[in-house]
Structures are given as structure tokens and as C-alpha cells.
Amino acid sequence: MKHVAIIGGGIAGPVTALALRKAGMDATVYEAYPTGADGAGGSLGLAPNGMAALEIVGVADEVRAAAQPITRSVLTLANRTRLELPGLLEAGPLHMVRRADLYRALRDEAVKQGVTIEYGRRLTGLEGDTAVFGDGSRARFDVLVGADGVHSTVRRLIDPDAPGPKWTGMLGLEGVSSYEVPEDPETTVFAFGRRGYYLYWRNAAGGSTWGVNLPYHRPLSLAQAREVPREEWMRILRETYGEDVPGADLLRHTPVTAMQVTGALYIMPSVPHWHRDRMVLVGDAAHAPSNSSGQGASLSIESGVQLARCLRDIDDVPRAFATYERLRRSRVEKVAARASKANHAKTPGPVMQKLIPLLMPLMLKTIMKPDKTVGPEQRYRIDWDAPVGALP
């Protein structure tokens, strides 16, 4: 293959480009926005399996330096009940990192290794083996990789009837507060407040970071959400979380300038077709589980690495794509199914609000067994050196 064109320069795109370089192939990343994502986005958690995949493409050390390790999780219910969540310490810590820092580490390494990233290239269609962009430019490809997120253009080109993303009924917002929660910096607290779900952790450098999944009456694009004045968002947040502990203190000590909207929260239903001809999907374009999974970014990183392995070892491109899908689909859909159950608890009705404090302790003792649930997810490791066998 002479040219792999990767559509999307967020997380999955640069990872895929780096993995292809490691496999001996060149790729160009085409990003729709006119500039990079420096400073954009909130925080995300990288699970141990995601960090292991970053080791393969050579950016794990840079990400660890920018991240905060989390070794303990706590669940609080309606300001009353506090429960320790079972963990998998032997698998390694979760790493909380700002999306902008992860993006910067991936972009810098990609550029260092000679990957070309072109900005302002929004894919609008195809003419045979040529990608056509909104500015009139074109790029020929041998393989086209759709790493263009939940609203993927490549997914629609592969299958015009493909399902689109499903809104969860929530918006994501995040902020940094000068209020220091009384927790160890390696502890994340998942809080079910009186009217909504939020999480928080104490920053090693001081203060605390909080994030909310705000129930809202309609989905908003990031641009639409940012058209609403920050003062109005803070009013809504105080109305929703102002009776919670420590939600009220976190918001009270958050300057308006230290709060940002990260956009509507979506999940992807099962996508029937991940590839067609010489086009293939990676990351959120193919599989975007609820953020309740704690695996969204990690699964995207894994998929970029696995696609590169398949293209490295299987000369026939359609068979390489089919093998890649075989390696990934079952895993990502199991994670999505697990996470979707947790999503319903984030927007509980009046009856469920009363039942959650009663049901959650019982669930922790019975069905929430980390060895059986998150164990297989977090212990998963890609063997880069192992040859990939093609499907018969």
C-alpha cells in the first residue's frame, strides 16, 4: 500500500497512523477543523489496557507524565451512603488525563515520526479511490480509515443506512474548583446526587476537578452548547447539584472561567458494517460505548493498533478488514452492553431515586464482581509481535 488516508485527527486517527508507521506503512491524517485540539475537551480515564496499547505506539510515558493515577473508587448515594467499589489493583491504575494533553502527546509523536497531518480537510465524498474535501482538494488512497467520531462521514459512505449515534439524555460539563475534597488524590468519587450524577477527584497540584452528566431536554452540539453563556450553565448546575455534598461546595468555588461544556453525550448502537471495499472504521466511528464504561478512549486506541497489525500481516485488504472486525467486535460490544446498564441510573426517575440507595449495596455484594466484569476488559493486552492469521 502506498497511501493510507486517515479521516479524523482526534485520538484514534493519530494512534492508527503511529501503529501503521510501526508496521512499516505510511499514512496521512486529514482533520476537518482548521487547527489542532490544543486546550479543547475535558478529562478522560485511560484504563490499564489502553495504557498498554499506548506503550506499543510509544507515547505511554508522555501520557503518564501528564496524567493523575487513580487506584481507588468510591460511590456515594444521595449524600448518605458511601460505598467502596471493588477494584483490580494488579491490573494497574486508571490514568485521568485531559483530552488535550493526550491529543498533544499523540500529535507530537506522530509529527516526530514523519506523519503528515493536514488541517481544514473535511471529507465530503469519494470519487473512486480519491477522497474529496470541502475545500475542493483531493487525496488518492489505497486504504481509507474513518477515525471521524460518532458523527462519522466515512460510516455513511460505507453504509448509507448505518445507524447514527444515540443521545443519552445528558450533556457533559467539567470544571476545576479551588475547593479541595477530603479524599486522597488517587481516589475518584462517583456521586449519585439528588437530581443528577457527577464525579470528582482531588488534584495532586491543588483544588479538585469535577465532571457532571447533566440531564437535559435536548441534545446540543458543542457549538450550540458554547453559545449559552457560562453564567447560565452555572445557574443550571447550581440548581441541579446545589443540594449535594460536596457538589454545592465544588460549584461555589469554581470560577465561571474554569468551567467548560464538553457537549452532548452519545453512544453508538451496533454498527452492522465496519468496512466496505477499501474503507474501514476505527474508534468511536465504529464503537462508542457510554462514558460509564471507562473504556471509550482505551478501546479506540486498541482498535487503531489492531487494524495496523491486520494490514501488516494480511496482504488482501478485505480479508484484513474482516479479521480486524473479528478481533474487535465481540470485545467492544460486551463493554457497551455492560455500560448501557449503568447509564439508566444516571437519569433516574422519582421511584428509582428512592430505590438506588437500597439496591446498590446489594449489587456490590452480588453481581458487581470486578474479576468477572471489568477484569477481562482491563487485563486485555495486544501482542504486537504475534502474527495475525487471516480469516479463511
Side-chain angles (χ1 to χ4, degrees), residues 11-12 15 19 43-75 83-99 101-102 105-106 184-190 199 201 211 267-268 282-284 286-307 309 326-343 345 360 363-386:
I11 303 302
V15 166
S43 300
L44 54 85
L46 286 172
N49 51 289
M51 292 299 296
L54 286 178
E55 292 275 7
I56 293 172
V57 296
V59 296
D61 288 342
E62 289 80 358
V63 173
R64 285 192 194 93
Q68 183 166 323
I70 300 294
T71 59
R72 179 171 172 259
S73 299
V74 171
L75 182 73
L83 302 167
E84 185 92 16
L85 293 176
L88 289 168
L89 293 180
E90 79 284 358
L94 176 77
H95 283 83
M96 297 299 297
V97 63
R98 292 191 61 78
R99 188 183 188 280
D101 292 334
L102 174 60
L106 291 168
D184 181 277
E186 293 194 6
T187 297
T188 293
V189 180
F190 302 96
L199 75 162
W201 62 92
I267 58 175
M268 277 302 302
V282 296
D284 287 353
H287 51 77
S290 158
N291 62 336
S292 304
S293 70
Q295 283 284 350
S298 295
L299 292 179
S300 291
I301 294 164
E302 287 180 359
S303 288
V305 173
Q306 289 287 41
L307 176 62
R309 287 182 68 227
R326 182 196 66 184
L327 289 173
R328 300 303 297 159
R329 182 181 284 276
S330 175
R331 173 167 168 76
V332 301
E333 292 191 350
K334 284 179 182 177
V335 173
R338 174 183 66 79
S340 66
K341 298 174 184 177
N343 250 32
M360 196 62 74
M363 292 174 64
L364 286 173
K365 293 179 180 179
T366 55
I367 64 174
M368 293 181 70
K369 302 293 186 182
D371 275 333
K372 294 182 179 179
T373 53
V374 299
E377 297 173 11
Q378 295 189 12
R379 295 191 183 103
Y380 179 88
R381 298 293 184 270
I382 297 171
D383 187 349
W384 174 261
D385 295 326

Student: Write out all pairs satisfying ring-ring contact (aromatic ring centres under 6.0 Å, His included) with one or both partners inside residues 45-69, taking only residues at least two apart or from two chains.
Tutor: none
Student: If we only count heavy atoms from C-beta on, is the Met268 to Val332 side-chain gap below 4.5 Å?
Tutor: no
Student: Of all heavy-atom pairs between Arg379 and Ala91, which one has the smallest distance, and what is that distance?
Tutor: CG-CB, 4.5 Å
Student: With a 3.5 Å distance limit and no angle check, can you tell me whether Arg328 reaches the backbone of Leu299 through a side-chain donor-acceptor pair?
Tutor: yes
Student: Counting C-beta onward and ignoring hydrogens, is there a side-chain heavy-atom pair between Leu106 and Leu54 closer than 4.5 Å?
Tutor: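 Sidechains of Leu54 and Leu106: in contact.
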Student: Pair His287, Arg329 - check side chain to side chain contact (heavy atoms under 4.5 Å, CB included), show working.
Tutor: CA-CA 8 Å; His287 51 77; Arg329 182 181 284 276; over 6 Å; no
Student: Spell out, as yes or no, whether a donor-acceptor pair under 3.5 Å connects the side chain of Glu377 to the backbone of Val335.
Tutor: no
Student: If I compare all heavy atoms of Ser298 with all of Ala47, which pair ends up nearest, and what's the gap?
Tutor: OG-N, 3.1 Å
Student: In this structure, which one of Val282, Leu307, Val59, Val305 forms a side-chain contact (heavy atoms from CB on, under 4.5 Å) with Val15?
Tutor: Val305
Student: Apply the test side chain to side chain contact (heavy atoms under 4.5 Å, CB included) to residues Val374 and Arg338: give CA-CA distance (whole Å), side-chain angles for both, the deciding distance (0.1 Å), then the verdict.
Tutor: CA-CA 9 Å; Val374 299; Arg338 174 183 66 79; 3.9 Å; yes
Student: Is there a donor-acceptor pair under 3.5 Å between the side chain of Ser293 and the backbone N or O of Ser290?
Tutor: yes
Student: Report the residues that fulfil ring pair (Phe, Tyr, Trp, His ring centres under 6.0 Å) with His95, sequence neighbours left out, ordered by chain and then residue number.
Tutor: none
Student: What heavy-atom pair brings Gly283 and Ser300 nearest, and what distance separates the two atoms?
Tutor: CA-OG, 3.3 Å
Student: Going by heavy atoms in the side chains, are Ile11 and Arg99 under 4.5 Å from each other?
Tutor: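 Yes, side chains in contact.
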Student: Looking only at non-hydrogen atoms, find the nearest pair between Gly92 and Pro48 and report the distance.
Tutor: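 The pair with the smallest heavy-atom distance is O-CG, 3.3 Å.
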Student: Which heavy-atom pair separates Ala336 from Pro289 by the least distance, and what is that distance?
Tutor: CA-CB, 3.9 Å
Student: Between the side chain of Ser330 and the main-chain N/O of Arg326, is any donor-acceptor distance below 3.5 Å?
Tutor: no
Student: Looking at every non-hydrogen atom in both residues, tell me the closest pair between Leu44 and Ala297 and how far apart they are.
Tutor: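 Taking Leu44 first and Ala297 second, the nearest heavy atoms are CD1-CB, 4.0 Å.
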Student: Report the distance from atom CZ of Arg98 to atom CD of Gln68, rounding to the nearest 0.5 Å.
Tutor: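 Answer rounded to 0.5 Å: 12.5 Å.
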Student: To the nearest 0.5 Å, how far apart are CG in Leu199 and CG in Leu75?
Tutor: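 That separation rounds to 11.5 Å.
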Student: Decide yes or no on side chain to side chain contact (heavy atoms under 4.5 Å, CB included) for Trp201 and Ser43, but give the supporting numbers first.
Tutor: CA-CA 11 Å; Trp201 62 92; Ser43 300; 4.0 Å; yes
Student: Got a second to check how far Thr71's OG1 is from Glu186's CD, nearest 0.5 Å?
Tutor: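 It is 4.0 Å, given to the nearest 0.5 Å.
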Student: Listing request: all salt bridge (Lys or Arg N to Asp or Glu O under 4.0 Å) pairs with a residue in residues 45-61, at least two apart in sequence or in separate chains.
Tutor: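 Counting only pairs at least two positions apart or across chains, the salt bridge (Lys or Arg N to Asp or Glu O under 4.0 Å) contacts touching residues 45-61 are Glu55-Arg64, Asp61-Arg64.
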